[in-house]
Visitor: 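Handing you a structure now.
Order of the sequence lines sets the chain letters (A, B, ...), proteins ahead of strands, with each chain counted from 1. What you see is a predicted model; the values in this text were computed from it and never measured.
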2 protein chains.
Amino acid sequence: MSDVAAEAGVSPSTVSLFLRRPTAVSAKTGAAIARVIERLGYVPNLMAGGLAAARSRVVGVIVPSMRNAFFAQTVSSLQTLLAQHGFQVMIASADYDDQSELALVQAYLSWSPSALVLTGFHHAVMTRDLLHSAACPVVEMWEHGDHPLDLSVGFSHIEAGRAAARHLVRRGRRQLAFLGARMQEDRRAMQRARGFAEEVAQAGGTVEIVNHPRPASAETAAGLVGMALAKRPGIEGVATSNDTLGLGVLFECARRGIDVPGDLAIIGFGDLEFSGFTNPSLSTIRPFGDVIGEEIARLLLACFETGERPANRAVDTGFVVVERGSS
Amino acid sequence: MSDVAAEAGVSPSTVSLFLRRPTAVSAKTGAAIARVIERLGYVPNLMAGGLAAARSRVVGVIVPSMRNAFFAQTVSSLQTLLAQHGFQVMIASADYDDQSELALVQAYLSWSPSALVLTGFHHAVMTRDLLHSAACPVVEMWEHGDHPLDLSVGFSHIEAGRAAARHLVRRGRRQLAFLGARMQEDRRAMQRARGFAEEVAQAGGTVEIVNHPRPASAETAAGLVGMALAKRPGIEGVATSNDTLGLGVLFECARRGIDVPGDLAIIGFGDLEFSGFTNPSLSTIRPFGDVIGEEIARLLLACFETGERPANRAVDTGFVVVERGSS
DNA sequence: CTGTTAGCGCGTTCAC
DNA sequence: GTGAACGCGCTAACAG
């Protein structure tokens, strides 16, 4: 920076000022500085800047899994929007583990981030404490509830589960099941299962929640179909914890000669890229992952403007039931 | 840190030393420091550390797209392994754009990272210059070639394309096509297409490369099948640029009453989680994305030990042809 | 094995 | 609108 200043014939602090608030410097000086920066290929040292300012233009994001298409959408749109305003997004995966999440929060905090974005409302006690006393806004995403730490952007998984149930009931199905993968770890999937079961019970149907401990895959799905059929031979409809599982159920039904939706109606979750094009096409619930990212970016950028830690605020991004051939 | 030092009755630099090389401090002093750190909940300021040391324990990773399951595997395993050794992985997506990649490299460089991991060998000229003069090792992943910047870990996409062609030819197919999505941007897919075409030509078959400008989806696949059939009605086998597309082709064939593999043999790429469970199961090429991540971690950790920028070294992680029902 | 001494490159007052 | 002084929290020699 002092090289730039020397070349431009000004002092380093003028260069610094120009970099942070270009309008606070005279147009002529600014242009001269910009020219030198370009010519010298000067890149500011963000660590020095962050150290001096006691905060960095980093936004730390923690997702439960990198291999999940849902969060990929959110992270992708969030990153694009924040990058446009000069914020760096750091992404890490907690692998559905509270202690990993804690470690990541500590790691992020040591970068004096501008904001922290976590997935869901559930955290280890120590994590909550750290976040409470954090100097930056905290966003909890992909869930919706009344008491976010600061900000939350997402939707109610209980309601999503209920909606899936209502859809199947409306289609005349009463003997239902919720098929889930890795629900012992995936709290949001578990909430959908709960909502589903509650709604079915209210509608006077029967319901079975079946979990497979391994991650969702077509293989897992085959196992789940077997289990569900063993428990309830007369099953008429199933909801799955995501569309990958739904796809697997679709294939397993084809293999077993079960007619979809005649014998069995299926509704998935997530509306993945293939869901509209399976045969029959897969009914599902679309969660608007990209909107979650956009909304987070919008809220955070507003915070950064004012410089204050925001008041509690929960944004419901909702979801829609996508009715297709499988139900 | 001085608080910790005061509490422990030592000087700040002893605390610093303990944090960086615990064995360089006497066991008794170390234990005392550790206790105070725990009690005070001290978290080191990594920016200050990075500034003083002129490098941070950050590894910057740039992938072409967050929404791609292949890279998710690599990033996931890479992050897990590096985190175990106290390195933070920062992930960003360049969205298949050279200029975005350049901007990301600049952003990362300003963090004085311990290493940079990019995808592929193709970069903007200015990016190459920056990387050349970078103070840290640079890894180019997901491709294999003779002249990496420093390190490369991946496999040859030309060979992968050739292997797909050989597989179909061995199955008695001669009139072939390569169906790709977004290949104008995805250089690796384009290389597979090239390898495929070369091999088919050598085997005396006919070949057509069909590209769809939009990203891979079942919808894209339907369009591609139509285009391929229009150009070559007698087509006997296709390779797709990835399994999502392969899945779409499978569905489209079912819809059109084309028997797979009787009328048309299909081989995909990627071996995604659903590929083994479609109906018929999808033949494909498995790239070992997680191994790429592990290998990168191994090489980088070795570099960090020695502290030197590594000599040119290209690791070929290979791939395997997975022969299933669709071919 | 421990403490002392100098910065790392910049942001942030405050004068001018 | 611009510059000087100071310090952010830590690391890296070195001396002890």
Side-chain angles (χ1 to χ4, degrees), chain A residues 1-34 36-37 40-58 86 88 106-114 135-136 304 307, chain B residues 1-34 36-37 40-58 86 88 106-114 135-136 304 307:
Chain A
M1 189 182 249
S2 31
D3 291 356
V4 174
E7 284 284 312
V10 297
S11 91
S13 54
T14 306
V15 176
S16 171
L17 190 59
F18 170 72
L19 252 24
R20 283 169 295 127
R21 296 172 45 212
T23 54
V25 167
S26 72
K28 212 177 59 179
T29 318
I33 294 175
V36 176
I37 285 179
L40 263 49
Y42 167 72
V43 178
N45 183 324
L46 297 184
M47 290 194 297
L51 182 58
R55 62 188 205 79
S56 66
R57 293 176 76 84
V58 161
Q88 265 277 100
Q106 289 182 321
Y108 278 150
L109 284 178
S110 72
W111 286 105
S112 311
S114 287
C136 67
F304 299 158
Chain B
M1 187 181 252
S2 29
D3 290 357
V4 173
E7 284 284 311
V10 297
S11 89
S13 56
T14 306
V15 177
S16 170
L17 189 60
F18 170 72
L19 252 24
R20 283 170 295 129
R21 298 171 45 212
T23 54
V25 168
S26 71
K28 210 179 56 178
T29 317
I33 294 175
V36 176
I37 286 179
L40 264 48
Y42 167 71
V43 178
N45 183 324
L46 296 185
M47 288 195 297
L51 181 59
R55 61 188 205 78
S56 66
R57 292 174 77 84
V58 161
Q88 265 277 99
Q106 289 182 321
Y108 278 151
L109 284 178
S110 73
W111 286 105
S112 311
S114 287
C136 67
F304 300 158

Visitor: D/dT2 C1' sits how many Å from A/R21 CZ, rounded?
Guide: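 One finds 13 Å between C1' of D/dT2 and CZ of A/R21, rounded.
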
Visitor: Flag the pair B/W111 / A/S56 as yes when at least one side-chain heavy-atom distance between them is below 4.5 Å, and no otherwise.
Guide: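 Of all side-chain heavy-atom pairs linking A/S56 with B/W111, at least one is under 4.5 Å.
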
Visitor: Using the closest heavy atom to pick a nucleotide of DNA chain C for each, name whichever of B/S26 or B/A48 lands nearer the 5' end.
Guide: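 Counting from the 5' end, the first nearest nucleotide belongs to B/S26.
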
Visitor: I need the NZ-C1' distance between A/K28 and D/dT2, as an integer number of Å.
Guide: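 Atom-to-atom, A/K28 to D/dT2, this comes out as 13 Å.
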
Visitor: On the nucleotide C/dG9, are OP1 or OP2 found under 4.0 Å from the side-chain N or O atoms that A/Y42 carries?
Guide: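 False: A/Y42 side-chain N/O out of range (4.0 Å or more) of C/dG9 OP1/OP2.
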
Visitor: Please pick, from D/dG3, C/dG11, D/dG1, the nucleotide with the shortest atom-to-atom distance to any side-chain atom of A/S16.
Guide: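 Nearest listed nucleotide: C/dG11.
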
Visitor: C/dG9, D/dG1, C/dG7: which one has an atom nearest the side-chain heavy atoms of B/A52?
Guide: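 Given the options C/dG9, D/dG1, C/dG7, the side chain of B/A52 is closest to C/dG7.
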
Visitor: If we only count heavy atoms from C-beta on, is the B/T29 to B/S26 side-chain gap below 4.5 Å?
Guide: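 Yes, side chains in contact.
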
Visitor: Write down the distance between CD1 (A/I37) and C1' (C/dC10), rounded to a whole number of angstrom.
Guide: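 In whole Å, C/dC10 C1' lies 13 Å from A/I37 CD1.
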
Visitor: Let me know the distance between CZ of B/F18 and P of C/dC1, rounded to the nearest Å.
Guide: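 Roughly 14 Å, once rounded to whole Å.
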
Visitor: How many whole angstroms separate atom CZ of B/R20 from atom P of D/dG9?
Guide: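 So the CZ-P distance, B/R20 to D/dG9, works out to 18 Å.
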
Visitor: Looking at the side chain of B/S11, which of C/dG11, D/dG3, C/dG3 is the nearest nucleotide?
Guide: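 Of all the options, the side chain of B/S11 is nearest to C/dG3.
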
Visitor: Whole-Å distance between C/dG9 C1' and B/L109 CG?
Guide: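 Rounded to the whole Å, the gap is 16 Å.
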
Visitor: Do A/M47 and B/L46 have side chains that approach each other closer than 4.5 Å (heavy atoms only, starting at C-beta)?
Guide: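 Sidechains of B/L46 and A/M47: no contact.
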
Visitor: Assign A/T29 to base, sugar-phosphate, or nothing according to its heavy-atom contacts below 4.0 angstrom with the strands shown.
Guide: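 Sugar-phosphate, no base atom in range.
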
Visitor: Which comes earlier along DNA chain C counting from the 5' end, the contact point of B/T23 or that of B/A54, where each point is its nearest nucleotide?
Guide: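 Looking at DNA chain C, the more 5' nearest nucleotide goes with B/T23.
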
Visitor: Nearest whole angstrom, please: distance from the P of D/dC10 to the CG of B/L46.
Guide: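 After rounding, the reported distance stands at 9 Å.
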
Visitor: Under 4.5 Å between any side-chain heavy atoms of A/L40 and A/E7, yes or no?
Guide: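 Result yes, sub-4.5 Å side-chain heavy-atom pair found.
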
Visitor: Taking the side chain of B/N45 as its heavy atoms from C-beta onward, which of C/dG11, C/dT2, D/dG9 lies nearest to it?
Guide: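 Of the candidates, D/dG9 comes closest.
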
Visitor: Base, sugar-phosphate, or nothing: which does B/P44 touch, judged by heavy atoms less than 4.0 Å apart?
Guide: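 Counting heavy atoms under 4.0 Å across all strands, the contact made by B/P44 is with sugar-phosphate only.
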
Visitor: So if I take every side-chain heavy atom of A/T14 and compare against D/dG3, C/dC8, D/dA12, which nucleotide ends up nearest?
Guide: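 For A/T14, the side-chain atoms sit closest to D/dG3.
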
Visitor: Any idea which of C/dC8, C/dC10, D/dT11 is nearest the B/M1 side chain?
Guide: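 Closest nucleotide to the B/M1 side chain: D/dT11.
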
Visitor: Scan A/Q88, A/R57, A/R55 and name whichever one has a side-chain hydrogen bond (donor to acceptor under 3.5 Å, both in side chains) with A/S114.
Guide: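 Exactly one candidate clears the test, A/R55.
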
Visitor: For A/L17 and C/dC14, give me the distance from atom CG to atom P, rounded to whole Å.
Guide: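 One finds 15 Å between P of C/dC14 and CG of A/L17, rounded.
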
